Amino acid sequence: MKLPELKIADLKLEFPIIQGGMAIRVSMAELAAAVANEGGIGVIGASVMTAKELKAEIKKAKQLSDGIIGVNIMFAASGFSELLQASVEAGIDVIISGAGFSRDMFNVGKETNTPVIPIVSSLKLAKISEKLGASAVVVEGGNAGGHLGSDEYSFDLVKKIVGKINIPVIGAGDVVTPEDLEKMLKLGVDGVQMGTRFLASKEASVADNFKKLCVEASSEDVMKIMSSVGYKANSIKTRFSELIKAGEAPPPANCTDCLKSCTKKFCIKDALVAAKAGNMDTGVFFTGEGIGRVNKILSTKEIFKEIKDYFRE
Ligand SMILES: Cc1cc2nc3c(=O)[nH]c(=O)nc-3n(C[C@H](O)[C@H](O)[C@H](O)COP(=O)(O)O)c2cc1C
C-alpha cells in the first residue's frame with residue numbers, strides 16, 4: 001500500500017500523521033518540531049500552560065521547524081479561550097481541541113484563517129463539526145490515550161464515520177505500529193493521530209521511568225479510571241490508579257480551578273504532573289491500550305523511518 005498524502009485546508013502533509021497533543025507539558029516544542037520536520041503535524045499540548053508560556057513554546061517550535069505546528073487545547077480547561085487566542089496570535093498553523101466541544105473556536109478559526117480540527121467520538125458530532133466549518137475531524141475511540149469521549153473501539157467507530165462527511169477523517173486510538181497505520185488507512189481514513197507511540201519517544205517531555213513503564217507495560221496493564229474532568233481515561237495500572245477507581249484517592253490539596261468543571265474527588269492535574277515527573281506513588285500514567293506494542297523508546301526520526309520502510313516494501 002502506498003502511504004497517501006494528506007491535505008487539510010491549505011496544508012499539505014507529506015505523511016498522513018498527526019502527533020496527538022499531550023497536555024501537562026508532555027508534547028512540547030521539541031517533539032512537535034521533530035514530527036513537523038518529518039512531514040507530519042507536530043502538536044504542542046497547550047493545557048495548563050499560561051498564554052505567555054504557550055506563545056514562547058510555539059515560537060520555539062517554529063524556530064526548530066519549517067513544518068506544520070499545531071496546538072491541542074482541552075475544551076474542559078479553564079484557560080481554553082485565552083490559550084486559543086494566544087495560539088492564533090503566535091501564528092499557529094492548526095488548532096485541535098479535545099475533551100469537550102467548542103463552537104466558538106470555529107469562529108476564531110474563520111477570522112484568522114486557521115484550520116480547526118475537533119476530536120469527536122460520534123457521527124453526530126462529526127456532522128456538526130463539518131457544518132460549523134471544521135477542516136477535518138479526529139475520530140477517537142475508547143482505546144486511545146488521554147480523556148475519552150466513547151467506550152467504542154476506535155476502528156469500529158471510524159467505520160461509522162468514514163464516507164458520511166466530506167472533510168478529512170483522521171482515525172485515532174490504538175495506532176502504534178506501521179501495521180496499525182495500514183489497518184486504519186484501509187478503513188478509508190485520510191490520516192491518523194498517534195499519541196501513545198510519541199509519548200514513548202526520545203523527544204517527549206516525561207521522566208525516563210515513565211518511558212520505561214511504557215516499554216514494560218502490556219495492554220492488560222491498562223485500566224480505565226474516571227478522571228475528575230468527568231470523562232473516562234486509560235492509564236497504566238498503579239497503586240494510585242487503583243485508589244482512584246476505589247474512590248479512595250485524596251481530594252485536591254491546592255485547587256487552582258484549572259478545569260471548567262471538576263468532580264473534585266481528586267486532582268487529575270496533580271496526578272498527571274506527578275506522572276510526568278515519574279512519581280510512581282502519586283502519578284496517573286495516561287497511555288492508550290496500544291502500549292503493549294511499544295517495545296522500545298525511539299526517536300521521532302526512527303518512528304517515521306519504520307513507517308517509511310514499511311510502506312516502501
Ligand atoms: C499522555 C497523554 C496526554 C494526552 N493529552 C491530551 C490532551 O491534552 N488533549 C487531547 O485532546 N488529547 C490528549 N491525548 C490524546 C492524544 O492526543 C491522542 O488523540 C491519543 O493519544 C490517540 O490514541 P493513542 O494513544 O492510542 O495513539 C493525550 C494522550 C496521552 C497518551
Side-chain angles (χ1 to χ4, degrees), residues 17-28 31-32 35 40-49 54 70-77 79-80 83 94-102 105 116-121 137-150 153-155 157-158 170-177 180-181 183-184 189 191-201 204-207 210-211 213-214 217 219 222 225 227 229 231-236 258-259 268-269 271-276 278 283-294 303:
I17 296 172
I18 301 179
Q19 163 250 311
M22 295 176 272
I24 320 285
R25 302 182 182 88
V26 170
S27 65
M28 298 291 272
L31 175 59
V35 173
I41 300 184
V43 181
I44 297 169
S47 307
V48 313
M49 276 193 235
L54 177 59
V71 280
N72 175 302
I73 317 170
M74 279 173 51
F75 180 64
F80 177 80
L83 293 173
V94 194
I95 297 159
I96 301 175
S97 177
F101 189 80
S102 160
M105 70 179 172
V116 171
I117 308 177
I119 302 179
V120 301
S121 297
V137 287
V138 172
V139 176
E140 187 179 79
N143 44 348
H147 288 106
L148 306 169
S150 164
Y153 184 57
S154 59
F155 286 71
L157 185 62
V158 154
I170 314 294
D174 216 20
V175 179
V176 171
T177 64
D180 301 334
L181 169 58
K183 215 170 103 192
M184 189 58 105
V189 298
V192 298
Q193 172 162 285
M194 296 162 71
T196 294
R197 177 60 273 189
F198 289 108
L199 169 68
S201 72
S205 299
V206 297
F210 190 164
K211 293 183 188 177
L213 202 60
C214 288
S219 294
V222 177
I225 58 159
S227 166
V229 176
Y231 294 107
K232 287 183 193 166
N234 285 318
S235 66
I236 298 180
C258 68
L259 296 170
I268 187 64
K269 184 179 98 184
L272 293 173
V273 168
K276 175 180 147 69
V284 166
F285 298 82
F286 274 4
T287 72
E289 285 174 8
I291 197 69
R293 296 191 301 288
V294 170
I303 293 171

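Residues: numbered from 1 along the sequence shown. Counting convention: from 1, in listed order, for ligands and their atoms alike. Predicted, not measured: the structure shown is a model, and the values here were computed from it.
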Of N234, L199, V294, the one forming a side chain to side chain contact (heavy atoms under 4.5 Å, CB included) with T287 is L199
**Report entry** Donor-acceptor under 3.5 Å (N72 side chain, G45 main chain)
**Finding:** no
For F75 and F101: C-alpha separation, side-chain torsions, deciding distance, then whether ring-ring contact (aromatic ring centres under 6.0 Å, His included) applies. CA-CA 6 Å; F75 180 64; F101 189 80; 7.9 Å; no
Rounded to the nearest 0.5 Å, the CD1 atom of I18 sits from the CD1 atom of I119 at a distance of 9.0 Å
Atom 15 (C) of ligand 1: closest protein heavy atom, distance to 0.1 Å, is G145 O, 3.2 Å
for atom 2 (C) of ligand 1, nearest protein heavy atom and its distance come out as M22 CG, 3.5 Å
Paired with V137, the side chain to side chain contact (heavy atoms under 4.5 Å, CB included) test is passed by just one of V116, I170, V120, namely V120
shortest atom 31 (C) of ligand 1-to-protein heavy-atom contact is with F286 O, 3.7 Å
Among G45, G146, A76, the residue with a heavy atom nearest to atom 28 (C) of ligand 1 is G146
Quick look: T196 vs ligand 1, heavy-atom contacts under 4.0 Å, and the answer is both
Fill in: Within-cut-off N or O pair, S97 and ligand 1, under 3.5 Å
no
Filtering G21, G173, G20, G288 for the heavy atom nearest atom 13 (C) of ligand 1 leaves G21
Closest to atom 26 (O) of ligand 1 among protein heavy atoms sits D174 N, 2.8 Å
| Less than 4.5 Å apart, any side-chain heavy atom of R197 and any of D180? | no
Per-atom filter on ligand 1: closer than 4.0 angstrom to a heavy atom of G98 are 11 (O)
Begin from the C-alpha positions of S154 and M184 and carry the test side-chain contact (heavy atoms from CB on, under 4.5 Å) through to its verdict. CA-CA 9 Å; S154 59; M184 189 58 105; 4.1 Å; yes
Using side-chain heavy atoms (C-beta onward) and a distance below 4.5 Å, is S205 in contact with K276? yes
Under 3.5 Å between any N/O of Q193 and any N/O of ligand 1: does that happen in this structure?
yes
Here the gap from I44 atom CD1 to M49 atom CE, rounded to the nearest 0.5 Å, amounts to 6.0 Å
for atom 9 (N) of ligand 1, nearest protein heavy atom and its distance come out as N72 OD1, 2.8 Å
Margin query: Would you say that F198 contacts V43 through its side chain, given a criterion of any heavy-atom pair below 4.5 Å between the two side chains?
Written below: no
Honestly, for I119 the part within reach of ligand 1 (heavy atoms, under 4.0 Å) is side chain
Honestly, for M74 the part within reach of ligand 1 (heavy atoms, under 4.0 Å) is side chain
of all protein heavy atoms, closest to atom 23 (O) of ligand 1 is A144 CB, 3.2 Å
If you scan protein heavy atoms around atom 8 (O) of ligand 1, the nearest is A23 CB, 3.0 Å
Here the atoms of ligand 1 under 4.0 Å from any heavy atom belonging to M194 are 27 (O)
- Query: L148 and S121: side-chain contact (heavy atoms from CB on, under 4.5 Å), yes or no, with the steps?
  - Reply: CA-CA 8 Å; L148 306 169; S121 297; over 6 Å; no
Any heavy atom of E140 under 4.0 Å from ligand 1? The part involved is side chain
The protein heavy atom nearest to atom 27 (O) of ligand 1 is G195 N, 2.8 Å
